[in-house]
**Q** 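Can you read through this structure? Questions will come right after.
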Amino acid sequence: MSSPGEDADDATVIEASLRDPERFAVIFDRHGPHICRYLERRLGRQVADDLVAETFLTALAKRWQYDLSRPDARPWLYGIATNLVSRHWRAEARELKLRDRVPGEEPEAGHAERVAEQVTAQAMGKLLATALAGLAVAERDVLLLIAWEGLAYDEVAAALDIPVGTVRSRLNRARRKVQRTLRTADDIATPEEANHHG
Amino acid sequence: MDEIQLIRSMVAETELPKSDDLSPVRERLIAAARAETGPAVARRRGRRFTLVGAVGIAAAIAAVVVLAPFGGPAPSAEAAGVLRRAADVVRGLQEAAPRADQFVYTKTEHPDGVREAWQSVDGTRDGMVQNDPSEEPAWLPGCRDGKAQATKGGRPVPGRFTDCTPEPAYRPDMPTDVAAMLVFLNRNGLDDLDRSSANDRPVNGEDVAYLLRENYLSPRSRAALFEALALVPDLTLEQDERDAAGRRGVKISWPDTDDHGGGDLILDLETYTVLGSEDTAVLARGVVDQVGQRP
């Protein structure tokens with residue numbers, strides 16, 4: 001049994017981890033920080049800490065199904081994390097409807113809204129958050145994996161297990177919707193705000 | 001203007017976590033890896049993920065014969081049978097549909113306490129929710145002509161309105177047969193969270209349970225939800241369980257899957273009224289004319 005070195009690709013490490021589970025820590029060391037940051041961007045720091053653990057525990061349990069022809073595990077991990085985000089979000093929407101979030105109080109705003117609050121320095125932040133909140137979940141996932149995480153189209157396709165054509169059409173739809181929201185806001189914005197992207 | 005760059009700028013300041021911050025997570029992962037006692041166990045676990053459907057059904061059939069007489073959870077077939085009986089009983093109930101100007105009252109027990117809510121039947125009237133008797137109740141502004149009064153901390157902010165669509169507490173257009181209900185559950189999910197998803201996902205037990213617990217539905221819609229829940233894979237049945245308020249009932253549970261969280265629903269075994277679940281209890285539910293009234 002040879003032990004893959006530091007320069008071995010993810011697939012090689014994952015293959016080795018099938019016999020030696022602790023090798024999987026290498027995958028965590030390589031991608032854990034980025035996955036954690038992604039989860040923080042989407043759900044805030046506190047939830048991110050829980051979900052990053054869940055992401056990698058899920059990945060560990062599912063590594064037997066990993067497609068070893070894919071050298072880079074990043075899309076796979078982003079896919080697991082994104083799935084947990086939407087699971088978390090659905091559970092939260094269900095439970096918080098009456099409890100922690102009072103309806104009528106920014107009714108369409110969600111995690112993106114909270115993100116916007118963290119970056120109040122950005123004049124556009126709130127408006128963008130509103131635009132993001134107006135997207136369908138599937139569109140938002142595609143848009144954020146590309147805009148925030150810098151994944152390529154084929155990586156998003158692998159992460160979400162959808163055809164590349166679907167990635168493209170969801171992205172286009174999402175961009176159009178965001179543009180529309182920003183344009184509508186332009187019409188009613190003060191001249192100063194309008195100049196920001198004139 | 002490039003909206004991709006704008007969107008990127010929203011999170012430009014989120015820094016990568018330091019490896020020290022992540023070390024507790026790393027420890028957990030390594031502990032889990034060590035807990036795999038050897039390749040044989042791990043491989044079995046992997047197989048369970050890929051063949052969950054086939055194994056589930058086979059195990060269910062085997063377990064009906066072997067396990068049920070000895071107690072412990074009884075598997076799918078029996079649980080689905082209870083749900084179908086519940087559907088038959090509930091479908092025959094006669095209940096007057098609430099009027100648009102009324103309110104759906106629910107009193108539910110949660111891990112955090114007891115909550116009372118008055119929700120507008122058509123979503124246009126102002127309702128109220130009281131999460132804790134010691135706190136001021138929060139206002140649920142009705143949505144009229146696409147606008148709702150903005151609130152802060154449960155109180156109205158004068159002169160500020162938000163865009164809205166009414167959220168009716170009772171939806172007369174809810175599906176009343178299982179086929180239409182499955183389309184509704186898959187396509188709409190809850191709150192249209194997943195509008196664009198394909199209509200081929202397994203039923204999410206938690207969505208069904210939520211609708212049964214926290215909403216007011218016609219008997220035929222409730223029956224359709226019971227039938228939809230009967231289709232969730234790997235259900236189990238436990239005969240004598242207690243809800244969060246300690247009331248006895250029959251418990252239907254479904255496991256965690258890749259897509260959905262696990263959960264449970266506890267029904268009164270005679271009337272098939274939804275009592276709640278392990279950690280929640282529907283203490284009262286009814287239709288009233290005014291906020292503050294109890295049925």
Side-chain angles (χ1 to χ4, degrees), chain A residues 17-19 21-22 24-25 28-29 32-34 36-37 40-41 49 52-53 56-57 60-65 83 86-87 89-91 93-94 97-99 102-108 115-116 118-119 122 124-125 128-129 132 136-139 143-144 146-148 170 175 178-179 182 197, chain B residues 1 3-4 6-11 13-17 19 22 25-26 28-30 32-34 36 39 42-43 45-47 49-50 110 112 115 117 129 131 138-141 148-152 154 162-164 167 189-191 193-197 204 206-207 210 214 258-261:
Chain A
S17 79
L18 298 180
R19 289 185 307 269
E22 284 181 52
F24 202 75
F28 180 80
D29 293 337
H34 283 89
C36 187
R37 185 176 64 181
E40 183 179 349
R41 285 167 166 175
D49 280 348
V52 74
F56 280 89
L57 291 171
L60 177 73
K62 288 176 75 171
R63 70 192 192 282
W64 298 92
Q65 287 145 268
N83 200 10
S86 74
R87 226 171 95 167
W89 192 236
R90 284 174 81 83
R94 234 183 265 121
K97 214 173 162 189
L98 287 175
R99 202 151 42 140
V102 179
E105 216 163 83
E106 308 290 349
E108 275 140 34
V115 168
Q118 292 160 11
V119 285
Q122 308 279 346
M124 295 291 293
L128 282 168
L132 291 185
V137 174
E139 293 162 359
L143 180 64
L144 296 185
I146 288 171
W148 285 359
R170 282 185 191 170
R175 291 180 74 157
V178 171
Q179 282 167 2
L182 298 184
H197 43 274
Chain B
M1 171 188 72
E3 61 285 340
I4 298 277
L6 279 173
I7 290 166
R8 186 169 298 144
S9 71
M10 294 171 79
V11 293
E13 285 162 32
T14 323
E15 284 175 17
L16 278 178
S19 58
L22 284 175
V25 177
R26 195 177 191 278
R28 270 181 72 185
L29 182 68
I30 290 178
R34 282 190 190 134
E36 282 188 4
R43 208 165 285 133
R45 184 181 298 177
R47 203 173 294 142
F49 271 103
T50 47
H110 288 266
D112 299 345
R115 167 170 84 208
V129 57
N131 280 312
W139 201 42
L140 302 174
Q149 170 73 57
T151 59
K152 186 104 188 152
T162 53
D163 293 337
C164 60
E167 291 184 30
L190 288 165
D191 306 331
L193 272 178
D194 224 344
R195 270 167 296 197
S196 62
S197 73
N204 182 348
E206 266 309 283
D207 284 352
Y210 169 80
E214 308 262 348
D258 286 0
D259 293 326
H260 305 140

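A quick note: this is a predicted structure, and the numbers were derived from the prediction, not measured. Order of the sequence lines sets the chain letters (A, B, ...), proteins ahead of strands, with each chain counted from 1.
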**Q** For A:C36 versus B:L22, what's the shortest heavy-atom pair and its separation?
**A** SG-CD2, 3.8 Å
**Q** Walk me through whether B:I30 and A:F28 qualify under side chain to side chain contact (heavy atoms under 4.5 Å, CB included).
**A** CA-CA 10 Å; B:I30 290 178; A:F28 180 80; over 6 Å; no
**Q** Which residue out of A:P33, A:S17, A:G32 racks up the most heavy-atom pairs below 4.5 Å with chain B?
**A**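 It is A:P33.
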**Q** Grab the two heavy atoms, one from B:I7 and one from A:A147, that are nearest each other, plus how far apart they are.
**A** CG2-CB, 3.8 Å
**Q** To check you understand the geometry: which heavy-atom pair defines the closest contact between A:P21 and B:A33, and what is its length?
**A** CB-O, 3.4 Å
**Q** Rounded to the nearest 0.5 Å, what separates atom OG1 in B:T14 from atom CD in A:E40?
**A**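 Rounded to the nearest 0.5 Å, the OG1-CD separation comes to 6.0 Å.
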**Q** Is B:R8 atom CZ crowded by more than 12 heavy atoms from other residues, nucleotides or ligands, each under 6.0 Å away?
**A**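 Yes, because the 6.0 Å sphere around CZ of B:R8 holds more than 12 heavy atoms from other groups.
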**Q** To the nearest 0.5 Å, what is the distance between CD on A:Q179 and CG on B:L6?
**A**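 Spacing of CD (A:Q179) from CG (B:L6) equals 10.5 Å.
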**Q** Can you see which heavy atom on A:L57 is nearest to which on B:A32, and at what distance?
**A**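 So the two residues come closest at CD2-CB, 3.4 Å.
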**Q** With sequence neighbours left out, write down each residue that passes salt bridge (Lys or Arg N to Asp or Glu O under 4.0 Å) with A:R175, or none if nothing qualifies.
**A**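 Partners of A:R175 under the salt bridge (Lys or Arg N to Asp or Glu O under 4.0 Å) test: B:D2, B:E3.
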**Q** Quick one: list whatever passes salt bridge (Lys or Arg N to Asp or Glu O under 4.0 Å) with B:R26, sequence neighbours left out.
**A** A:D29
